[in-house]
Amino acid sequence: MASGSILVTGGAGYVGTHTVVELLDAGYDVIVMDNLHNASMESIKGVEEITGKTVATYSVDLLDKDGLRDLFKKHKIYCVMHFAGLKAVGESCQKPLMYYKNNIAGTVNLLEVMKEFGVYNMIFSSSTTVYGSPKYLPIDEKHPVGKIGEDPKGIPNNLMPYISQVAVGRLKELTVHGNDYDTPDGTGVRDYIHVVDLAQGHVAALKRLEKGCGCKIPYKIAGRRAGDIASCYADAKLAQEELGWTAKLDLARIPEHSVF
């Protein structure tokens with residue numbers, strides 16, 4: 001189990017709340033941070049009712065770096081699950097600077113604060129809108145990215161919540177944008193995933209992080225170099241006795257601090 005809390009940014013949103021439920025059910029300590037641009041902390045009350053557990057919540061914006069620092073000072077964070085971002089394609093075209101500021105500058109703030117506090121684990125939840133018009137299908141990890149792209153306040157972020165609001169009369173109708181695409185019925189083709197499956201996928205990623213993702217470096221075995229010996233390592237006891245110095249960082253931390 002993680003040696004600290006899991007910070008879920010955008011944790012009051014649709015996917016975020018479902019992921020928080022799965023994290024709590026899996027035994028993790030969870031902290032939710034959300035700027036409430038298009039969400040409400042009322043959803044977290046529902047999470048607490050479902051799980052019977054209490055969740056620490058913070059209304060903090062990614063652009064508020066001091067607010068981020070205060071949060072990290074209060075909690076020992078093991079990993080950040082990053083859901084906070086704007087992602088509506090139409091709005092991203094109308095307000096590109098707002099999207100760059102929130103999604104890119106906000107994420108940079110988060111990464112810088114994570115580095116300040118020695119937090120190096122992140123699970124980043126993105127949107128397929130970053131791929132733009134696909135060059136091939138199905139999309140895989142090698143597909144080139146294009147766009148960035150959230151729905152205006154008051155409009156649901158995802159299709160099923162939107163359909164639900166139409167069904168109960170809160171919204172008038174569901175708009176299908178375009179019926180002249182080169183598809184079987186002329187409308188856009190998308191793949192859909194149950195939000196619980198999506199949430200459990202993020203928990204699976206966290207469990208993989210705990211095992212250590214590692215980094216596969218290609219190598220080959222070659223002949224000995226002239227002058228090399230079989231073994232060589234030092235006893236640093238005298239440095240500890242005379243200087244009060246001892247090494248504190250293990251091998252796992254060396255690549256984290258490497259500069260490329």
Side-chain angles (χ1 to χ4, degrees), residues 1-36 38-60 62 68 71-72 74-87 103 106-107 110-111 113-114 117-131 138-141 150 156-161 164 190-216 252 256:
M1 190 58 65
S3 58
S5 300
I6 311 303
L7 173 62
V8 182
T9 68
Y14 182 61
V15 179
T17 51
H18 283 80
T19 303
V20 171
V21 169
E22 296 299 326
L23 287 168
L24 292 171
D25 284 347
Y28 293 97
D29 181 66
V30 181
I31 301 162
V32 166
M33 185 193 96
D34 202 299
N35 70 353
L36 307 181
N38 198 29
S40 167
M41 287 301 182
E42 287 296 314
S43 60
I44 300 301
K45 292 182 180 179
V47 168
E48 293 175 332
E49 290 175 4
I50 291 169
T51 62
K53 298 178 180 179
T54 302
V55 181
T57 59
Y58 294 87
S59 179
V60 176
L62 290 174
L68 286 172
L71 193 159
F72 275 75
K74 293 176 181 176
H75 300 274
K76 181 183 179 183
I77 307 296
Y78 170 75
C79 177
V80 176
M81 278 197 183
H82 188 27
F83 294 94
L86 304 176
K87 63 179 179 64
N103 293 5
T107 299
L110 176 62
L111 291 170
V113 173
M114 287 174 64
F117 287 84
V119 179
Y120 296 102
N121 294 320
M122 171 185 272
I123 296 172
F124 179 64
S125 187
S126 187
S127 165
T128 54
T129 57
V130 300
Y131 297 110
I139 296 169
D140 59 19
E141 292 81 1
E150 169 84 290
N157 293 332
N158 299 279
L159 179 61
M160 288 310 299
S164 299
R190 302 291 185 270
D191 58 346
Y192 293 94
I193 183 173
H194 196 292
V195 67
V196 173
D197 285 327
L198 182 59
Q200 291 175 348
H202 285 81
V203 175
L206 177 59
K207 290 183 180 296
R208 182 66 182 86
L209 265 181
E210 292 173 349
K211 292 180 180 178
C213 291
C215 183
K216 294 181 180 180
E256 294 177 2

Any side-chain heavy-atom pair from [X] and [Y] closer than 4.5 angstrom?
X      : Y      : result
Tyr78  : Asp29  : no
Val20  : Phe83  : no
Met114 : Leu68  : no
Asp197 : Gln200 : yes

Atom [atom1] in [X], atom [atom2] in [Y]: separation rounded to 0.5 Å?
X      : Y      : atom1 : atom2 : result
Leu110 : Met122 : CG    : CE    : 4.0 Å
Leu36  : Met41  : CG    : CE    : 4.5 Å
Tyr28  : Lys53  : OH    : NZ    : 11.5 Å
Lys76  : Leu7   : NZ    : CG    : 15.0 Å
Met33  : Tyr58  : CE    : OH    : 11.5 Å
Ile77  : Phe117 : CD1   : CZ    : 10.0 Å

Asn121, Leu23, Thr9 screened by side-chain contact (heavy atoms from CB on, under 4.5 Å) with Met81, the one that passes: Leu23

Donor-acceptor contact below 3.5 Å, side chain Ser5 vs main chain Val30: no

Under 3.5 Å donor-acceptor, Ser43 side chain and Ala12 backbone: yes

Nearest heavy atoms of [X] and [Y], plus distance in Å:
X      : Y     : value
Thr107 : His82 : OG1-NE2, 3.0 Å
Val203 : Ala26 : CG1-CB, 4.3 Å
Gly11  : Asp34 : N-OD2, 3.6 Å

CA sep, side-chain torsions, deciding dist, call: Asp25, Thr51, side-chain contact (heavy atoms from CB on, under 4.5 Å): CA-CA 7 Å; Asp25 284 347; Thr51 62; 3.9 Å; yes

Listed partners of Glu42 passing salt bridge (Lys or Arg N to Asp or Glu O under 4.0 Å), at least two apart: Lys45

